[in-house]
Each structure stands twice: as C-alpha cells, then as structure tokens.
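Down below is the structure, laid out as structure tokens.
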Amino acid sequence: MATPYHHREIELKWRKEWENKPVNVDDGKKQKYYCLDMFPYPSGNGLHVGHWRGYVISDVWSRYKLLNGHYIIHPMGWDAFGLPAENYAIKMGVHPAKSTAENVSNIKKQINEIAALYDWDMEVNTTDPDFYKWTQWIFVKMFKAGLAYEKQMPINWCPSCKTGLANEEVVDGKCERCGEEVTKKNLKQWMLKITEYADRLLSDLDHLDWPEKVKKMQTDWIGKSFGAEVDFKVEGMSDAITVYTTRPDTLYGATFMVLAPEHGMALSLATSETKAEVEKYIYDASMKSNVDRLQDKEKTGVFTGSYATNPLNGAKVPIWLSDYVLADYGTGAIMCVPAHDDRDFEFAKKFNIPIIQVIAKDGIEIKNMTEAYTEATGVMINSGDWNGLESAVLKKEGPEMIEKMGFGKKTTNYKLRDWVFSRQRYWGEPIPIIHCEHCGCVPVPEDQLPLLLPEVETYQPTGTGESPLADIEEWVNTTCPECGAPAKRETNTMPQWAGSSWYFLRYVDSHNNEELVNKEKAHKLLPVDMYIGGVEHAVLHLLYSRFYTKFLFDIGVVDFEEPFEKLFNQGMITGKNGIKMSKSKGNVVSPDDLVRDYGCDSLRMYELFVGPPELDSEWDDRGIEGVYRFITKFWNLAMDNVERNVPATEEMLRLRHRMIHDITFRLENFSLNTVVSGFMEYNNKMIEMNKNGGIDRETIETAMILLAPFTPHLSEELWSAFGHQESIFQNTWPVHDEKMMEETEKEVAVQINGKTKLVIKVAADISKEDAIAAGITALGDKLQGDVIKEIYVPGRIINIVAKQA
RNA sequence: GCGGAUGUGGCGGAACUGGCAGACGCGCUAGACUUAGGAUCUAGUGGGAGACCGUGCAGGUUCAAUUCCUGUCAUCCGCACCA
C-alpha cells in the first residue's frame with residue numbers, strides 16, 4: 001500500500017525539476033549570501049568522500065540561508081594552472097590543456113552528484129584566457145604601483161619540481177608540494193611587495209570571524225616585533241654596524257656582536273690574520289642548504305678580528321660571524337647578550353666570551369650562570385645609570401631613549417618576506433613583461449591582454465632556471481611597446497596562487513570582457529560571507545587573497561578590504577587509523593558506489609554524521625546504513641500520514657517546537673553531526689507517537705523543511721506527496737515558540753550527597769520545599785543520618801546532603 | 001624548544017551557562033517473521049554477582065566536576081636560531 005522509498009528515481013526526478021525551475025533566484029529584493037567553497041584543482045584522480053564533506057557542509061549552509069530568505073551565491077570553478085595539473089599531464093604524456101579539460105569534465109560530473117546549489121553560469125577556470133587576462137592585468141597594475149619588482153637573489157629551489165618557491169611553500173625545509181629537500185639557487189625573480197601590506201594584513205585580522213588558529217598562524221607568519229636599531233662603531237673604520245634588538249634593556253650586557261656570513265661588511269671586517277678563516281666560513285655557509293643550516297644544532301662561528309664599541313658604555317666588543325644570524329631579517333647583524341639570550345649564551349660558552357648579567361633574576365646576581373635568563377622581569381644591575389630600573393619598562397621605553405641619545409632609532413620588524421612570484425614552469429600565466437635594452441622592464445599594454453600562453457612542443461621543466469617558454473624564439477622575440485626596438489618577453493610564469501588569489505571576485509561577473517568585475521555587481525554581491533575549505537591554506541592562499549583584495553581596494557576595483565568575512569575549516573576525512581586517503585595507500589573511498597546504493601541524500605547526511613565538521617574523521621562505510629535507515633523510516637512515517645489529517649495534540653506541538661529549536665540551535669553552532677543525531681532522535685519519538693493513530697501534518701511537514709538542507713530530494717518529494725505544488729525551498733525556516741516547548745511535568749533525579757538514587761516526576765512549577773519533600777518521601781529508608789543541606793535545581797536535581805550518624 | 005588542539009564503552013561520537021555520563025549511530029547478543037536472509041521488526045548491550053566503580057593520569061575546589069583550578073602523560077597539528 002505505502003509507496004516504498006526509491007532514492008534513485010526520486011533523486012533523478014528532482015535533479016531535472018530543479019534544472020528547469022531553479023529554487024535559488026535573485027528577485028532583486030532578497031539579501032545576498034555568498035557561500036564559497038575553496039575551488040579544486042582538477043586532478044585526474046577524481047573525488048573521494050573527503051572532498052564531498054566540504055561541499056556538503058557548504059551546500060547545507062547555503063540551503064539553510066536560502067530558507068532564511070537569502071539569495072545564495074554559491075559558485076564553483078577550477079584552479080587548473082600549476083604544478084599538479086602539469087605534473088599529471090607530463091606523467092600521462094598529454095598536453096596539460098587537454099588533460100585539464102578532461103579532468104574538469106569528469107570532476108564536474110562527480111560534483112553534480114552532490115546536488116549542490118551551484119550556479120554553473122558563474123563557473124570560472126583559471127586557465128581560461130578570459131580569466132587569466134585579469135590575473136595578468138592585476139600583475140601589470142601591481143607593477144605600475146611599484147609592488148612587482150625584479151630581483152636577483154638566492155631563492156628556494158625545488159630540484160624535483162624544478163622551480164623556485166615562495167617562503168610560504170617551504171615546509172620544514174622541504175617542498176610543500178612534493179616533499180623534496182629545498183636547495184638554494186641564485187636567480188633573477190619577480191617579487192611582489194606583500195611586505196608593504198604587512199601592517200594592514202595584521203591589524204585587519206581582528207575584525208574577521210575566522211578560527212583563532214588561522215588568525216594566529218597568519219599573525220605569527222607576519223611576525224611583527226618592536227625594538228630598536230642600534231649603531232655600533234667599528235674600531236678603525238668609518239662605518240658603523242647597525243643591529244636590531246627587541247631587548248634594548250640588555251644593552252649593557254652586550255659582550256659581542258654577530259653578523260650573518262652574508263652581511264655586506266663581513267669580509268671587510270677580517271684582518272690579515274683572520275682573512276683566510278673568514279673567507280672559508282663565508283664560503284661554507286653559502287654552500288649549506290636550508291635544511292643543513294636548520295639541523296646544525298651546534299653553533300659555529302668565526303672571529304673577524306675586529307672590534308666594535310658599545311655605544312652606551314664604550315665597551316670594546318669582538319665582532320663574530322655566524323650562520324645562526326639570518327641575513328634577511330632585521331639588519332643581518334645582532335648585538336649579543338649571552339646572559340639573557342639562549343642562543344647567545346650557547347655561543348658565548350662555546351667560544352669563551354664573557355657573560356655579564358644585567359637583570360637580577362628574583363633580585364639576585366647569579367655567580368655562575370648555567371643558562372640564560374631570558375625574561376624581561378627584574379631590576380637592572382651592572383648597567384651604569386640604568387641600575388635599579390625595571391627591565392620591563394626599559395624594554396618598552398628603550399627604543400625611544402636610544403633614539404634620543406642619538407645612536408639608534410625605534411623600529412618595527414616583520415618575519416614576512418616579499419613573495420617570490422616567478423615559476424620556471426610552463427603551465428601558468430605568462431608574466432606580461434617585456435625586457436627592453438633601452439626602456440628596461442615594460443609591461444604588456446593593458447589592451448593587449450591576455451598575453452596568451454603559447455603552444456610548445458616540450459613543456460617539461462628545463463631545470464636550468466629557465467622556463468620552457470625560453471625555447472620558443474618567435475614568442476620570446478618581440479618589440480618594445482615603448483620604443484619599438486627589438487625586445488624579449490619575460491619567460492617565467494606565475495605561481496598557482498596567482499589565479500586563486502582573486503577568483504572569488506570574478507564569479508559574480510564571470511563573463512565581463514571589459515572589467516575584472518563590474519563595480520555595481522561587486523558592491524551588491526561581494527564579499528564572501530562564508531568561506532569553507534581545509535586548513536592547509538591558512539597562510540598560503542588565504543594570506544595571498546587578502547593581499548590581492550587589499551591591493552584591488554587601493555586601486556578602486558572593489559570597495560571592501562577583506563575578501564572572506566567568515567571562514568570555516570572542515571576536518572579531513574581519513575581512511576582507517578587516521579591515514580590520509582591516497583591512491584598509493586589504496587584507501588580511497590569513492591562516493592560513486594555509495595550514491596548508487598544509498599542515494600545522494602544518505603551520503604550527504606552521513607558525511608556530516610561521521611563526526612564534528614571541524615575535526616578529522618575516520619571513514620567507515622558501514623555507518624551509512626544508519627542514516628539510510630533513518631531516511632527510510634522518516635519516509636515511511638510521512639507516507640503513513642499522507643492520507644490522514646490528525647489533529648495536533650499538545651505532545652505533538654511540544655515535539656514540533658522542540659525539534660525546530662534544537663535543530664536550529666545546533667545548525668547555527670555548526671554542530672552538524674548532532675543535527676543529524678537530533679533528527680534521528682525526533683524521528684524515533686515521532687514513530688512512537690505515530691503508533692497511536694498518526695501525527696498531525698504540520699509537524700511532519702516541519703520536519704521535511706528542517707531536513708531540506710540536508711536531504712533536498714527526500715524533502716522535495718515528500719512535500720509534493722503532501723500535496724504542495726511549489727518547491728519546498730519556497731518556505732521560510734520554521735520558528736519555534738518557547739511557550740509551546742514547556743512541559744507540565746518533569747523528571748527529576750533524586751540524589752543523596754550528589755549520587756543519584758532514583759528519578760521522580762514532579763510538576764514543572766513545583767516549589768523548592770515541595771520538591772524536596774517529595775524527594776525525601778521517595779527516598780524513604782534510603783536516606784539515613786541527619787539532613788544538613790537540601791538543594792533543588794528546578795526541573796533537574798533534588799540533592800539531599802546527609803551526614804551519617 | 002615555543003604555541004595550539006585532542007584524550008569519554010568494542011567503534012564513531014553526545015552531554016547548552018558545573019546538575020541523572022554514554023544521547024544518536026555502527027557493531028554485537030537473543031528472539032520474531034521468513035524456504036532463506038547480509039531485508040525488516042522486538043528486546044538487550046560501560047564494568048562488576050553485589051553495595052558500588054567508571055570520562056588519559058595525580059591532586060584540588062564544590063552539595064554536585066567530562067565541564068572549573070594545579071600538576072602530569074600521550075597523540076596530532078602549527079612555528080622553529082626572527083635577536
């Protein structure tokens with residue numbers, strides 16, 4: 001009699017229906033809500049259940065917002081340039097453009113199985129010339145603004161990927177992409193002056209609704225510190241060495257100085273006796289890779305033979321070279337206070353340099369320091385007229401004092417470095433610059449963009465530091481747009497991050513040939529309200545995107561400074577024992593079979609049910625049975641009442657309003673796994689109630705609407721079975737009524753000394769005295785000794801505190 | 001080394017501002033219906049015979065602690081000579 005649940009039929013039917021009559025339309029009146037997924041790179045491996053999770057989370061959220069009356073911007077696109085796509089193409093022996101197109105079409109098919117609200121009219125692909133025209137345009141604008149510049153410098157080089165890397169792409173001295181140990185290579189590189197935005201990138205984090213973890217990672221990456229630059233005169237030389245310190249309070253304790261081996265003055269400080277040794281040290285340091293340099297626990301160094309003068313007390317301090325000082329941070333030179341810095345202490349011990357304590361730890365001077373005292377807490381000693389001052393105060397006010405005394409200045413430093421933007425690879429946006437002998441670097445005129453990536457026979461990386469594009473003479477040789485003389489094109493390409501740093505802006509106007517994005521559309525539809533993706537981009541993509549957006553704000557393209565108002569990082573879905581899903585591990589679970597056997601709705605729900613969305617979860621296929629049973633049971637329950645018209649009892653009303661309240665509350669808190677368990681609980685209760693002759697239609701319909709973001713096909717089908725012509729998504733999200741949730745009777749635990757002995761039912765509005773009396777009566781003989789305290793927590797606990805006689 | 005997160009049955013996980021620990025689901029056990037069932041339904045399922053014991057471990061605060069405090073261990077993640 002009752003229609004059984006056939007997920008396949010239903011899902012196909014509604015997929016078609018929604019295509020003909022979209023449920024998410026901009027009527028010009030609704031408030032927009034932009035919910036964005038981090039767009040995928042179209043790999044040949046296709047999607048696994050882990051990819052689904054993020055897309056399901058964002059779609060559930062989008063549909064929830066849709067039911068709350070918003071017009072949803074929920075686009076999808078392809079991050080198709082870059083190493084993964086190119087490596088895949090090389091491996092398969094096909095042109096990356098071809099393999100990319102194939103992969104996009106496959107993955108698109110798989111993504112459509114999620115039945116998300118994606119608006120494919122907005123689709124973008126970073127390798128599409130109509131798209132990368134604007135990626136290049138941004139670069140030209142940055143060049144004109146002085147933010148893109150060329151520099152010859154030793155950069156991070158991955159010998160396996162055969163390309164230069166940005167600092168952000170080096171993890172533990174290894175390539176973020178392939179795990180190969182990163183070496184150094186001296187190359188002429190395009191750089192982006194992200195450091196110019198360091199302060200804004202830091203301070204604007206405050207206002208963002210992002211996970212604290214990600215904010216902290218960006219804060220640490222930017223690494224702002226306050227301190228002073230201090231000039232130390234070198235004996236017998238006119239030049240001074242400037243050091244950077246965050247601890248000006250310890251200046252009296254500086255007993256030596258150390259310069260990075262790459263420091264400009266390193267060689268000139270050597271005396272005739274030390275010259276050979278100094279030269280050798282500098283050479284050795286230059287040969288060390290990042291990894292070697294990090295792993296050398298033991299400090300090394302060489303004395304230059306020269307001395308400098310401590311500007312504060314005139315003390316003569318020896319000048320050393322050591323690779324524990326970084327050339328590209330601060331001034332590349334430091335003053336060393338071994339008593340109050342671990343590294344300086346270690347160095348001083350090894351090379352027998354005096355250690356002078358200048359901060360009294362716990363008010364005392366230590367005879368033989370066995371370790372540095374690094375805290376700025378305590379009173380100054382051995383510090384001339386600073387004696388007796390608080391170290392913490394001096395640390396803060398020192399920079400200004402030094403500036404007034406005329407041998408230094410107050411400064412700020414950042415760990416953030418400029419962004420190495422050139423890649424020596426084929427599959428990327430050509431950098432639109434022409435090198436002219438007379439005019440220098442000239443950007444390709446904006447009206448000539450896009451500068452197309454030329455066809456090439458071999459797109460394998462050369463490994464020489466030159467891009468494969470350098471081989472194409474007819475492309476490289478061109479004329480200067482300024483003077484018309486013969487000139488050469490830049491042959492490096494942009495990193496993968498170039499397109500992904502701004503793609504989210506393009507979605508809302510993806511077919512615009514005149515502008516990156518129309519101003520009105522940008523104003524109306526941007527920025528992104530909710531951004532969902534993995535935490536692995538915490539400092540890469542997310543920092544770059546913020547930088548790009550700020551730049552585009554500065555040149556008037558957009559009217560906001562931050563691209564992503566709210567960020568959610570979903571946890572990873574792993575295989576058994578928390579092992580990351582990968583082809584080589586053979587533990588990849590494909591969604592395809594699960595969709596076929598259980599349906600899209602079941603898989604959507606199970607993706608959420610596996611665990612809290614922000615944590616990693618182990619995948620277990622068996623669990624999907626549970627949600628499938630739930631869906632079937634709800635279907636049967638609804639179908640059982642499709643012909644009935646049962647009046648709502650108080651119990652039903654209470655259930656309905658509690659259900660609305662609980663589901664909404666959990667959804668708002670992004671506790672999506674408990675939303676699912678909540679549905680199961682209420683469904684079980686409804687099934688019990690239904691045994692007494694049915695449930696009122698409105699309660700069941702309410703459940704359908706609440707379920708709609710999770711199981712859109714099921715809800716839509718049942719909604720229509722209940723006789724509704726319009727889509728279920730035409731509804732607005734149900735609102736609960738607090739009064740309807742209240743019960744007249746409550747179950748209360750009765751405890752003796754905090755231990756539950758039994759449970760009784762009392763009236764919800766019972767007085768404390770009556771509740772306690774009822775509790776004591778119920779306890780009877782169990783209660784012995786003198787009652788010394790009675791506690792009643794309304795509706796929850798009666799606790800009788802008794803003392804044994 | 002520094003910073004952060006996590007730790008609860010056989011498993012995934014619940015528990016809002018301290019208030020009946022183990023919701024919900026998987027798995028398992030028994031039974032029912034079946035020719036059969038890996039379908040469905042019903043009952044049970046932290047440990048212990050028991051009073052009781054149980055949320056990584058050891059303390060503390062409280063009438064009451066998974067929740068708060070102190071210490072400690074383990075796992076995972078991020079940063080790592082940034083002066």
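Proteins get letters first, then strands, A, B, ... in listed order; numbering begins at 1 in each.
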Exercise for the section: Tell me, with the steps shown, if A:Trp210 and A:Phe568 meet ring pair (Phe, Tyr, Trp, His ring centres under 6.0 Å). Expected result: CA-CA 7 Å; A:Trp210 282 22; A:Phe568 181 81; over 10 Å; no
Practice task
Looking at every strand, decide which applies to A:Arg622 at a 4.0 Å heavy-atom threshold: base, sugar-phosphate, or nothing.
Solution key: sugar-phosphate
Practice task
Using a 4.0 Å heavy-atom cut-off across all strands, classify A:Lys757 as base, sugar-phosphate, or nothing.
Solution key: sugar-phosphate
Exercise for the section: Take A:Ser617 and A:Lys691, find for each the nucleotide of RNA chain B with the closest heavy atom, and name the residue whose nucleotide sits nearer the 5' end. Expected result: A:Ser617
Practice task
Confirm from the modelled atom types if A:Lys299 and B:rC81 form a donor-acceptor pair under 3.5 Å, side chain to base only.
Solution key: yes
Practice task
Please say whether the positively charged group of A:Lys299, taken as NZ for Lys or CZ for Arg, lies over the ring of A:Phe347, i.e. under 6.0 angstrom from the six-membered ring centre and within 45 degrees of the axis.
Solution key: no
Exercise for the section: Ignoring backbone atoms, test whether A:Ser322 places a side-chain nitrogen or oxygen under 4.0 Å from the OP1 or OP2 oxygen of B:rC81. Expected result: no
Practice task
Assign A:Asn673 to base, sugar-phosphate, or nothing according to its heavy-atom contacts below 4.0 angstrom with the strands shown.
Solution key: sugar-phosphate
Problem - Nucleotide nearest A:Phe665 (side chain, heavy atoms from C-beta), chosen from B:rC41, B:rC20, B:rC16 - result: B:rC16
Exercise for the section: Give one of base, sugar-phosphate or nothing for A:Gln751, where a contact means two heavy atoms less than 4.0 Å apart. Expected result: base
Practice task
Report which part of the nucleic acid A:Val793 touches: base, sugar-phosphate, or nothing (heavy-atom distance under 4.0 Å, all strands).
Solution key: base
Practice task
Classify the nucleic acid contact of A:Asn684 as base, sugar-phosphate or nothing, counting any heavy atom under 4.0 Å across all strands shown.
Solution key: sugar-phosphate
Handout entry: Residue from A:Thr411, A:Asp231, A:Thr331 passing side-chain hydrogen bond (donor to acceptor under 3.5 Å, both in side chains) with A:Thr242
Key = A:Asp231
Problem - Sugar-phosphate only, base, or nothing, as touched by A:Lys415 at under 4.0 Å among non-hydrogen atoms - result: base
Exercise for the section: Kindly point out which of B:rC77, B:rG78, B:rC20 is positioned nearest to the side chain of A:Lys213? Expected result: B:rC77
Handout entry: Distance under 6.0 Å and angle within 45° of ring axis: A:Lys685 vs A:Tyr682
Key = yes
Handout entry: Position toward the 5' end of RNA chain B (nearest nucleotide), A:Gly611 or A:Thr331
Key = A:Gly611
Exercise for the section: May I ask you to evaluate whether A:Arg629 reaches the phosphate of B:rC26, defined as a side-chain N or O under 4.0 Å from OP1 or OP2? Expected result: yes
